[in-house]
Amino acid sequence: MRLNFLRRLRAAFSRDDPATGQASNTPDWSTTALRTCPDCEKTFIVDEMDACPDCGTAVEVTPTERDLGLR
């Protein structure tokens, strides 16, 4: 009984596809980019933005965990 419970836990938290037993290719993070204003120090969650809506300064792309190789 305990072994069956452990298998269910692993399956629930695994990145493997339960139907095939192989890792799925679907990423578990969103693809929305982060932009940061260097003057306001605000971070925006947007796909496209050139300038900060508050001060007009050019925003910079903020690296994500994936970009930094942490995921």
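Atoms considered below: every heavy atom in the structure, side chains included; atoms not considered: hydrogens, waters and symmetry mates.
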Worksheet entry | side chain to side chain contact (heavy atoms under 4.5 Å, CB included) partners of Val46, counting only residues at least two apart | Arg35, Phe44, Met49
Worksheet item: Can you find a pair of side-chain heavy atoms, one from Lys42 and one from Cys52, that are under 4.5 Å apart?
Response: no
Worksheet item: What residues join Leu34 in its hydrophobic cluster, counting side-chain heavy atom gaps under 4.5 Å, either direct or through other members?
Response: Ile45
Worksheet item: Are the side chains of Thr57 and Cys40 in touch, meaning some heavy atoms are under 4.5 Å apart?
Response: no
Fill in: Asp39: partners by salt bridge (Lys or Arg N to Asp or Glu O under 4.0 Å), with sequence neighbours left out
none
Worksheet item: Closest approach of Val59 and Ala51, non-hydrogen atoms and distance?
Response: CG1-C, 3.9 Å
Discussion item. So which atom in Ala33 and which in Asp47 form the shortest heavy-atom distance, rounded to 0.1 Å?
Written reply: N-OD1, 4.0 Å
